Colleague: 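Attaching a single structure in structure tokens format; questions to follow.
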Amino acid sequence: MNLAVQTEEKSVNQVMLSEVLAGLSKAQKTLPSKYFYDKRGSELFEKICELEEYYPTRTELSIMKQNIDEISEKIGHHVKLIELGSGSSIKTRMILDHVNAIDSYVPVDISEEFLTDIVNDLQGEYPGLKIQPVAADYTEPFSIPGNNEAENRKIAYYPGSTIGNFTKDNAKKFIGLISDLVGKQGGLLIGFDLIKDRRTLINAYDDAQGVTAEFNKNILERINRELDANFNIDLFEHKALFNENKSRIEMHLVSKIDQTVVVAGQEFIFVEGESIHTENSHKYSLESFREMTRSHFKYVTTWTDSENKFCVQFLTN
């Protein structure tokens with residue numbers, strides 16, 4: 001079954017080009033982590049989630065499994081479920097199996113190709129479910145299908161600790177965007193990673209098999225393909241470090257030599273050892289996360305694992 005995917009009108013490539021050129025022009029070169037997630041990047045991330053070192057996914061899944069009845073009760077009945085960054089929707093299936101009478105499910109993802117594959121699978125498993133996929137950059141305002149119609153309660157679902165990829169200021173703004181998206185009486189079910197020892201964190205973002213390194217380098221492959229660039233992938237190496245002052249893991253791509261790279265006709269000079277900062281993954285305490293969300297959502301319920309590695313919260317307007 002082929003399911004129509006609503007795509008935002010603004011050209012992703014035009015926005016991507018603008019943001020990539022701007023990031024590479026900074027003193028500390030950067031790339032937006034959202035561009036990891038083309039089809040190949042999304043597949044690699046699914047592989048990362050299965051790694052022994054990468055605790056967030058299995059810990060979040062265990063929290064969901066142990067508390068799914070209470071989580072479903074908090075979500076309520078007859079809701080419009082909006083998943084931001086749909087991924088493989090494994091955790092979503094748990095919600096779909098337990099929440100009574102979801103009126104519609106709106107998976108939102110930046111990769112239209114990956115989204116289409118996932119949605120087609122879900123529609124086959126849940127033939128009676130109304131699915132309204134949207135291919136969009138959900139960090140910016142976007143349109144929800146059927147939003148002008150009389151709607152029941154809207155619940156946003158943001159799993160996987162992706163909130164940690166934002167700077168603290170941008171995370172707060174994004175939480176505000178979600179609050180506006182779900183509106184009055186709306187809710188947010190969100191996962192986030194908790195502060196823990198440095199070694200556990202580093203191992204999670206620099207696995208022995210090199211899958212995370214491949215995932216990190218894939219962003220350069222995508223830029224080569226979509227933005228007429230000439231990155232030599234073999235001349236960059238993956239590096240993960242923990243920035244204790246900012247409570248975050250940082251991922252970088254480090255140039256092995258002095259080199260010049262061309263992106264859409266524009267030259268960028270790299271010296272040996274210079275890095276492109278590709279991703280942050282901020283870690284929160286319960287107190288710091290509450291401080292970040294309190295101006296937009298009320299605190300409702302918190303679920304954590306026995307080792308306090310990860311947290312799932314349900315918040316409401």
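If you're wondering where the values come from, they're calculated on a predicted model, not measured in any experiment.
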Colleague: Taking atom types as modelled, is there a side-chain donor on T260 or E267 under 3.5 Å from an acceptor on the other?
Modeller: no

Colleague: Counting only heavy atoms not in Q209, do more than 12 sit closer than 6.0 Å to its CD atom?
Modeller: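 Open.
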
Colleague: For D305 and T59, which I'm curious about, is there any donor-acceptor pair between the side chains at under 3.5 Å?
Modeller: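 Per modelled atom types, D305 and T59 side chains form no pair under 3.5 Å.
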
Colleague: Is the gap between the ring centers of F314 and Y157 under 6.0 Å?
Modeller: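 Not close enough - the centres of the two rings lie 6.0 Å or further apart.
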
Colleague: What I want to check is whether the side chains of S288 and S285 have a donor and an acceptor closer together than 3.5 Å.
Modeller: yes

Colleague: Taking atom types as modelled, is there a side-chain donor on E46 or S42 under 3.5 Å from an acceptor on the other?
Modeller: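 Short answer, no.
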
Colleague: Any chance the rings of F36 and F45 have centres within less than 6.0 Å?
Modeller: no

Colleague: Quick one: ring pair (Phe, Tyr, Trp, His ring centres under 6.0 Å) partners of F289, sequence neighbours excluded?
Modeller: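 F289 satisfies ring pair (Phe, Tyr, Trp, His ring centres under 6.0 Å) with F192, Y284 once adjacent residues are dropped.
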
Colleague: For residues 21-28, dump all side-chain donor-acceptor pairs below 3.5 Å to protein atoms at least two apart in sequence or in another chain.
Modeller:
unit_1: S25; atom_1: OG; unit_2: L21; atom_2: O; d: 2.7
unit_1: Q28; atom_1: NE2; unit_2: S275; atom_2: O; d: 3.0
unit_1: Q28; atom_1: NE2; unit_2: S275; atom_2: OG; d: 3.4

Colleague: Can you tell whether the side chains of E274 and K29 come within less than 4.0 Å, N to carboxylate O?
Modeller: yes

Colleague: Quick one: do K91 and E60 make a salt bridge, cutoff under 4.0 Å?
Modeller: yes

Colleague: Report the relative orientation of the aromatic rings in Y54 and Y205; use parallel for angles under 30°, tilted for 30 to 60°, perpendicular for over 60°.
Modeller: perpendicular

Colleague: Verify the ring-centre separation between F174 and Y158: is it less than 6.0 angstrom?
Modeller: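 Yes, the ring of Y158 comes within the 6.0 Å limit of the ring of F174, centre to centre.
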
Colleague: Measure centre to centre between the rings of Y55 and F310, then say whether the value is under 6.0 Å.
Modeller: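 No, ring centres 6.0 Å or more apart.
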
Colleague: Take atom CG in D197; do more than 12 heavy atoms of anything else shown fall under 6.0 Å from it?
Modeller: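 Above 12, so yes.
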
Colleague: Grouping I, L, V, M, F, W and Y whenever their side-chain heavy atoms are under 4.5 Å apart, do V312 and I195 come out in a common cluster?
Modeller: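 The answer is no; the residues belong to distinct hydrophobic clusters.
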
Colleague: Find out if a path of hydrophobic residues (ILVMFWY) with successive side-chain heavy-atom gaps under 4.5 Å connects M94 to I71.
Modeller: yes

Colleague: So if you build clusters from Ile, Leu, Val, Met, Phe, Trp, Tyr with side-chain heavy-atom gaps below 4.5 Å, do I202 and V254 land together?
Modeller: no

Colleague: Can a donor-acceptor pair be found between the side chains of N170 and T167 at a distance below 3.5 Å?
Modeller: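 Result is yes, a qualifying pair exists.
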
Colleague: Indicate whether any N or O donor in one side chain lies under 3.5 Å from an N or O acceptor in the other, for W303 and Q66.
Modeller: no

Colleague: Using a 3.5 Å distance criterion without hydrogens, assess whether the side chain of K246 forms a donor-acceptor pair with backbone atoms of E244.
Modeller: no

